[in-house]
Amino acid sequence: MKKIWQRTISFRNSDSPLTSKRVRIILSHPKDAEKLASAVRALRRDDTDNSTFTLSTAAKKAIEKEKQRISA
Amino acid sequence: MNIAFSTLLLFFLLLPGIFYRRFYYSEEFSKQYFRETFFGIFISTFIPSLLFQAIWLLFAKSVQYEVDLKMVFHLISATADAATFQNIEQNLIPILGYNLSMLISASILGRLSKNIVRMQKWDRKYKHFRFQNAWHYILKGEFFDFPRANITLEKDTVEDIEFVFVDALVELDDIAIIYDGILVDYELNKTGGLEHISLKNVQRRFIHINSLQPPIDKDETLYPIQGHIMVLKYSELKNVNFSYYTLERDEDVLTPRLVQ
């Protein structure tokens, strides 16, 4: 399922978005957005213990729903 | 009949080119429509107009519909007589249909041309096709595909960039503030420059410019800013650093990684 994590442009919409669909969903969930930003900052400090994160159930569901919508 | 009417008619004849151009420079590249020189606009409007007029003229001929060029010339040169206007009145519907179909086709073709250039990535590969929106190519990371780019992505592609992390430096007297966060939006001004950038999950860090001593505890200088988005005016920024990230997934765990 490439489209969920790739910023693709289509013939109808030639303007590539700033974020992938997956990140757009993550950013729509405040707690997940915070985890993502914290993971990036940890990565920049070489703090590998905190540079990973798991998504909330709501974000996971939203991503799954988006995947199904794309593949439909 | 006066010069104003002739000018209006000439403008009308140039409309297909104007429509083509308007729809070619649309959406993220719409600012470019207004930013070219008069000569540039004239050429890029005149040539498509000429082509559309010629194609429609030939098409009309092929379907046994005669366009009286003499009449058009009389109208432009302000020498039209009563018979000319009578002719126009009698053929008003076909004339309107002829011109309307030309304008609609010019608009569709303008949009199609732009979409083809973007889809085929010709604007990234060839400078001739490049739109004059440098910020678009920077903020979306598309500059990685420029032939002159000194950084090439070996492992990833531009499409793999999932988000952009920004560090923006703002100076206030002897204090500098670095804002960092995820880029979610931007706006260009009339000249094509960056008007503002919008960040999410922003954190602020103070730096004393005149202080030679580094902060004892770096976390003490970090302040998360609550809110949905933070808008930073580009005119107030000293420097902006862009980092392009993708996310790696290992089962349920996600790890951000700089594109390579």
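In the text below, chain A, chain B and the rest are named by the order of the sequence lines, each starting its count at 1. Values below: every heavy atom of this structure, side chains too, minus hydrogens, waters and symmetry copies.
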Shortest non-hydrogen contact from R41(A) to G181(B)? NH2-CA, 4.2 Å

Whether R22(A) side chain and L247(B) backbone form a donor-acceptor pair below 3.5 Å: yes

At under 4.5 Å between heavy atoms, what parts of residues 53-64 of chain A are in contact with chain B? List them by residue number. F53(A), T54(A), L55(A), K60(A)

Check: R7(A) side chain, V158(B) main-chain N or O, donor-acceptor pair, under 3.5 Å: yes

Cut-off 4.5 Å, heavy atoms of chain A, and the answer for D167(B) is side chain

The reported gap from CD in E34(A) to CD in Q226(B) (rounded to nearest 0.5 angstrom) is 6.5 Å

Partner of I182(B) by side-chain contact (heavy atoms from CB on, under 4.5 Å), out of I26(A), L36(A), L18(A): L36(A)

Which portion of D180(B) sits near chain A, non-hydrogen atoms under 4.5 angstrom: both

Is it the backbone or the side chain of K140(B) that comes under 4.5 Å from a heavy atom of chain A, or both, or neither? both

Contact part of R44(A) toward chain B, heavy-atom cut-off under 4.5 Å: side chain, backbone, both or neither? side chain

Among the options L254(B), L258(B), V184(B), pick out the one with the most heavy-atom pairs lying under 4.5 Å from chain A. L254(B)

Contacting region of H136(B) [heavy-atom separation from chain A under 4.5 Å]: side chain

Is E251(B) close to chain A through its backbone or its side chain, or both, or neither, when contacts mean heavy atoms under 4.5 Å? neither

Pick one of side chain, backbone, both or neither for T246(B), based on which atoms fall under 4.5 Å of a heavy atom in chain A. neither

Using non-hydrogen atoms only, which part of Y245(B) is less than 4.5 Å away from chain A: side chain, backbone, both, or neither? side chain

If we define contacts as heavy-atom pairs under 4.5 Å, which of L43(A), V23(A), D15(A) has the most with chain B? D15(A)

Would you indicate whether F242(B), at its atom CZ, is surrounded by more than 12 heavy atoms from other residues, nucleotides or ligands within a distance under 6.0 Å? yes

Exceeds 12 heavy-atom contacts within 6.0 angstrom, atom NZ of K125(B): yes

Shortest non-hydrogen contact from P256(B) toward S51(A): CD-O, 3.2 Å

Which heavy atom in A33(A) sits nearest to a heavy atom in K200(B), and how many Å separate them? CB-CE, 4.0 Å

Roughly how far, to the nearest 0.5 Å, is the NE2 atom of H228(B) from the OG atom of S28(A)? 9.5 Å

What part of S243(B) gets closer than 4.5 Å to chain A, counting heavy atoms only: side chain, backbone, both or neither? side chain

